[in-house]
Number of protein chains: 2
Amino acid sequence: MGYLYFVKFEEAEEKFIQGWGQLGASWGINRTMSQINALLLISTQPLSTDDIMAKLNISRGNANMNVRELISWGVVRKSFKPGDRKEYFYSVKDMWEIARLVSKERKRRELEPLLTMLQEVRDVEGSSEQVKEFKRVTRDVEKVAKKADSMLDLIGKLDGNRFFKWLMKK
Amino acid sequence: MGYLYFVKFEEAEEKFIQGWGQLGASWGINRTMSQINALLLISTQPLSTDDIMAKLNISRGNANMNVRELISWGVVRKSFKPGDRKEYFYSVKDMWEIARLVSKERKRRELEPLLTMLQEVRDVEGSSEQVKEFKRVTRDVEKVAKKADSMLDLIGKLDGNRFFKWLMKK
DNA sequence: TATAACTTTCAATACTTTTTGAAAGTTTAA
DNA sequence: TTAAACTTTCAAAAAGTATTGAAAGTTATA
């Protein structure tokens with residue numbers, strides 16, 4: 001038992017993993033995937049599938065699938081131990097790098113389909129008020145989407161400190 | 001029938017509504033809620049619950065619930081027609097204003113709980129490598145979260161054109 | 001090659017979220 | 001008041017998503 005003021009590691013760990021999972025879930029990312037990410041973030045060494053299964057109480061299939069998804073996002077990587085056939089996994093630890101990887105992936109998955117859709121819808125025929133309004137709105141959406149797109153590109157290029165320093169100077 | 005190059009309004013409308021719904025869904029926003037938003041965005045006049053039900057082929061309960069949610073986000077408002085007891089709904093049309101309202105809501109729902117959790121986890125006891133790593137990571141997360149928080153505040157204060165002009169100058 | 005150690009797949013199941021629609025609630029106007 | 005016009009609620013059903021676990025697949029080494 002520690003002093004009242006302090007928090008036990010196991011509790012803190014649990015809270016962090018759950019909280020990160022919840023955050024992911026509310027952004028449309030599989031909760032287990034976020035939890036694995038959290039677990040690997042705070043782990044001092046790479047973990048095996050069995051470690052992850054044990055710690056998060058999940059099945060092999062689930063662990064495998066979500067680790068693979070994290071790898072495809074570039075957020076998690078494999079490592080090997082000499083004389084051991086198991087795969088071990090570790091997370092990119094630089095938060096800014098993670099933010100970049102995630103925004104890159106989401107840009108690809110969401111922004112690009114949106115822009116494609118807006119393209120397809122540009123040349124609607126007619127000159128009624130309805131059609132005029134439709135064109136006005138979709139062009140506006142396109143404008144904002146393209147700006148968001150450039151912003152994400154910028155984030156992708158600059159490193160974190162520079163970006164925020166530059167962003168926050170008045 | 002129009003020329004091949006052009007797109008029929010009804011098709012374009014449908015595509016826009018579906019696409020906007022899809023985008024919302026992948027950001028953890030109820031698909032129907034996004035679709036109603038899309039419908040009201042491109043509508044030249046306020047629509048009643050029955051209009052929305054008919055256009056999107058959804059039940060009264062569903063329409064009511066999601067319109068109310070949009071109102072609570074500040075994205076949709078009520079209007080009334082003289083001599084008509086029905087409520088009519090219209091959307092904020094300024095995309096930048098919508099982006100602000102949405103980011104404000106999500107900040108409240110997600111960023112704030114995250115920061116609270118990180119607070120709760122700050123004072124973990126111990127000096128093992130494990131604990132050190134945990135502190136390092138959670139402080140990093142806090143740093144990025146707070147920067148995101150300031151950025152959202154900034155977005156909330158500036159208007160769209162100014163923000164992007166300022167963001168994009170070099 | 002055979003086998004043990006591991007990873008991947010995927011149909012079935014469990015869980016979560018959304019939607020429905022009928023009943024209850026509210027408001028307006030005659 | 002009362003009745004019609006409307007809105008809201010909410011339990012049950014449907015739809016969508018995530019998870020399981022056993023079987024199939026792969027790889028290393030004896």
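Note: hydrogens, waters and symmetry copies are ignored here, and every other heavy atom, side chains too, is used. Naming: A, B, ... by sequence-line order, numbering from 1 per chain.
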Practice problem: List in numerical order all residues of residues 60-87 of chain A for which some heavy atom is under 4.0 Å away from an atom belonging to DNA chain C. | Solution: A/Arg60, A/Gly61, A/Asn64, A/Arg68, A/Asp84, A/Arg85, A/Lys86, A/Glu87
Practice problem: Can you measure from OG1 (B/Thr116) to CG (B/Leu111) and round to the nearest 0.5 angstrom? | Solution: 9.5 Å
Quiz item: Would A/Asp153 and A/Lys107 pass as an ion pair if we require N to O under 4.0 Å?
Solution: yes
Exercise. Please figure out whether A/Ile58 or B/Tyr88 has its closest DNA chain D nucleotide nearer the 5' end.
Key: B/Tyr88
What pairs of donor and acceptor atoms, side-chain ones from residues 70-83 of chain B against any protein atom, are under 3.5 angstrom apart with sequence neighbours left out?
residue, atom, partner, partner atom, Å
B/Ser72, OG, B/Glu69, O, 2.9
B/Trp73, NE1, B/Glu69, OE2, 3.2
B/Lys78, NZ, B/Glu87, OE2, 2.9

Quiz item: Any Lys/Arg nitrogen of A/Arg139 or A/Glu142 sitting under 4.0 Å from an Asp/Glu carboxylate oxygen of the other?
Solution: no
Exercise. Establish whether B/Phe9 and B/Leu40 are linked, either directly or via other cluster members, by ILVMFWY side-chain heavy-atom contacts under 4.5 Å.
Key: yes
Practice problem: Residues of residues 21-43 of chain B with any non-hydrogen atom less than 4.0 angstrom from an atom of DNA chain D: list those, numerically ordered, please. | Solution: none
Practice problem: Check whether A/Leu41 and B/Val131 end up in the same hydrophobic cluster, where Ile, Leu, Val, Met, Phe, Trp and Tyr are linked by side-chain heavy atoms less than 4.5 Å apart. | Solution: yes
Practice problem: Could you tell me whether the side chain of B/Trp20 reaches within less than 4.5 Å of the side chain of B/Gln35, counting heavy atoms only? | Solution: no
Quiz item: How many Å lie between CG on B/Leu56 and C1' on C/dT20, as a whole number?
Solution: 15 Å
Self-check item: Residue among B/Asp50, B/Asp51, B/Thr49, B/Thr44 satisfying side chain to side chain contact (heavy atoms under 4.5 Å, CB included) with B/Leu47
Solution: B/Asp51
